Amino acid sequence: QVQLVESGGGLVQAGGSLRLSCAASGRISSIYRMGWYRQGSGNQRELVATITSAGTTNYGDSVKGRFTISRDNAKNTVYLQMSSLKAEDTAIYYCKANGDYVYWGQGTQVTVSS
């Protein structure tokens, strides 16, 4: 089993920045990819960014150039640095880990005021 705990969400003005963290615990040796997904009101959950254990990153088209995903292996933590935030970035952001199974965090709310 893998447990994921997200933090760092909140309210920010458009154009501002925010950093999300996702700390993994448990059977972390099985994890080969972690990432962030988001779900806005009335929308389907969508890819934000992923990073593999080798450091390969992938971004959703809507966040390319504005968001950066990174990981600290010593802390078993993945970060999402979000800049130039827009109102349409408002959503619940979920951390996901791919290992023996797929694991999800509980989500953290990000609200961008215009």
Side-chain angles (χ1 to χ4, degrees):
Q1 284 280 23
V2 172
Q3 294 78 42
L4 303 172
V5 179
E6 300 114 330
S7 61
L11 174 65
V12 63
Q13 289 189 329
S17 300
L18 209 57
R19 189 177 82 156
L20 305 182
S21 300
C22 174
S25 61
R27 190 173 159 74
I28 57 176
S29 61
S30 69
I31 299 173
Y32 61 87
R33 182 171 63 234
M34 293 184 68
W36 292 92
Y37 290 72
R38 68 185 183 186
Q39 187 166 15
S41 179
N43 297 330
Q44 292 185 334
R45 194 169 295 189
E46 64 174 357
L47 166 72
V48 177
T50 61
I51 185 167
T52 69
S53 56
T56 301
T57 59
N58 183 46
Y59 293 91
D61 288 341
S62 62
V63 306
K64 285 180 180 177
R66 299 188 298 123
F67 292 9
T68 302
I69 190 169
S70 62
R71 62 190 297 163
D72 184 332
N73 291 330
K75 296 182 178 180
N76 301 316
T77 299
V78 170
Y79 302 97
L80 183 69
Q81 179 66 48
M82 304 184 292
S83 302
S84 302
L85 283 161
K86 307 174 182 180
E88 50 263 43
D89 293 317
T90 294
I92 299 175
Y93 284 69
Y94 296 92
C95 180
K96 177 184 177 183
N98 292 88
D100 294 344
Y101 302 95
V102 175
Y103 303 92
W104 291 93
Q106 80 285 356
T108 184
Q109 177 71 47
V110 172
T111 302
V112 183
S113 63
S114 56

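Since we're looking at a predicted model, the values are computed, not measured.
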May I ask you to test the [X]-[Y] pair for a side-chain heavy-atom distance under 4.5 Å?
{"X": "Q1", "Y": "R27", "value": "no"}
{"X": "V110", "Y": "V112", "value": "yes"}
{"X": "W36", "Y": "V78", "value": "yes"}
{"X": "C22", "Y": "K96", "value": "no"}
{"X": "I31", "Y": "N76", "value": "no"}

Looking only at atom types and distance, does a side-chain atom of E6 sit under 3.5 Å from a main-chain N or O of G107, one as donor and one as acceptor?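 Yes; judged by distance alone, with no hydrogens or angles, the pair exists.
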Could you tell me whether a side-chain N or O of Y59 sits under 3.5 Å from a main-chain N or O of I69, the two making a donor and an acceptor?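 A pair under 3.5 Å: yes.
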In one Ile/Leu/Val/Met/Phe/Trp/Tyr side-chain cluster, 4.5 Å: [X], [Y]:
{"X": "I28", "Y": "V102", "answer": "no"}
{"X": "L80", "Y": "V12", "answer": "yes"}
{"X": "W104", "Y": "I92", "answer": "yes"}
{"X": "Y37", "Y": "I51", "answer": "no"}
{"X": "L20", "Y": "Y103", "answer": "yes"}

List the residues meeting side-chain hydrogen bond (donor to acceptor under 3.5 Å, both in side chains) with [X], not counting sequence neighbours, and say none if there are none.
{"X": "T111", "answer": "Q109"}
{"X": "R33", "answer": "none"}
{"X": "E46", "answer": "R38"}

Taking the cut-offs as 6.0 angstrom to the six-membered ring centre and 45 degrees off its axis, would you call R19 and Y79 a cation-pi pair?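 The answer is yes; both the distance and angle limits are met.
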Kindly give the heavy-atom pair with the smallest separation between [X] and [Y], and that separation in Å.
{"X": "S17", "Y": "S84", "value": "OG-N, 4.5 Å"}
{"X": "T77", "Y": "S21", "value": "CG2-CB, 4.3 Å"}
{"X": "S114", "Y": "A14", "value": "CA-CB, 4.2 Å"}
{"X": "A24", "Y": "M34", "value": "CB-CE, 4.2 Å"}
{"X": "L18", "Y": "G10", "value": "CD2-N, 3.9 Å"}
{"X": "R66", "Y": "L85", "value": "NH1-CA, 3.9 Å"}

What do the steps show when you test D89 against K86 for salt bridge (Lys or Arg N to Asp or Glu O under 4.0 Å), and what is the final call? CA-CA 5 Å; D89 293 317; K86 307 174 182 180; over 6 Å; no
Return the orientation label for the Y93 and F67 ring planes: parallel under 30°, perpendicular over 60°, tilted otherwise.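 Geometry flag for F67 against Y93: tilted rings.
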For N58 and L47, what are the C-alpha separation, side-chain angles and deciding distance, and is it a side chain to side chain contact (heavy atoms under 4.5 Å, CB included)? CA-CA 9 Å; N58 183 46; L47 166 72; 3.5 Å; yes
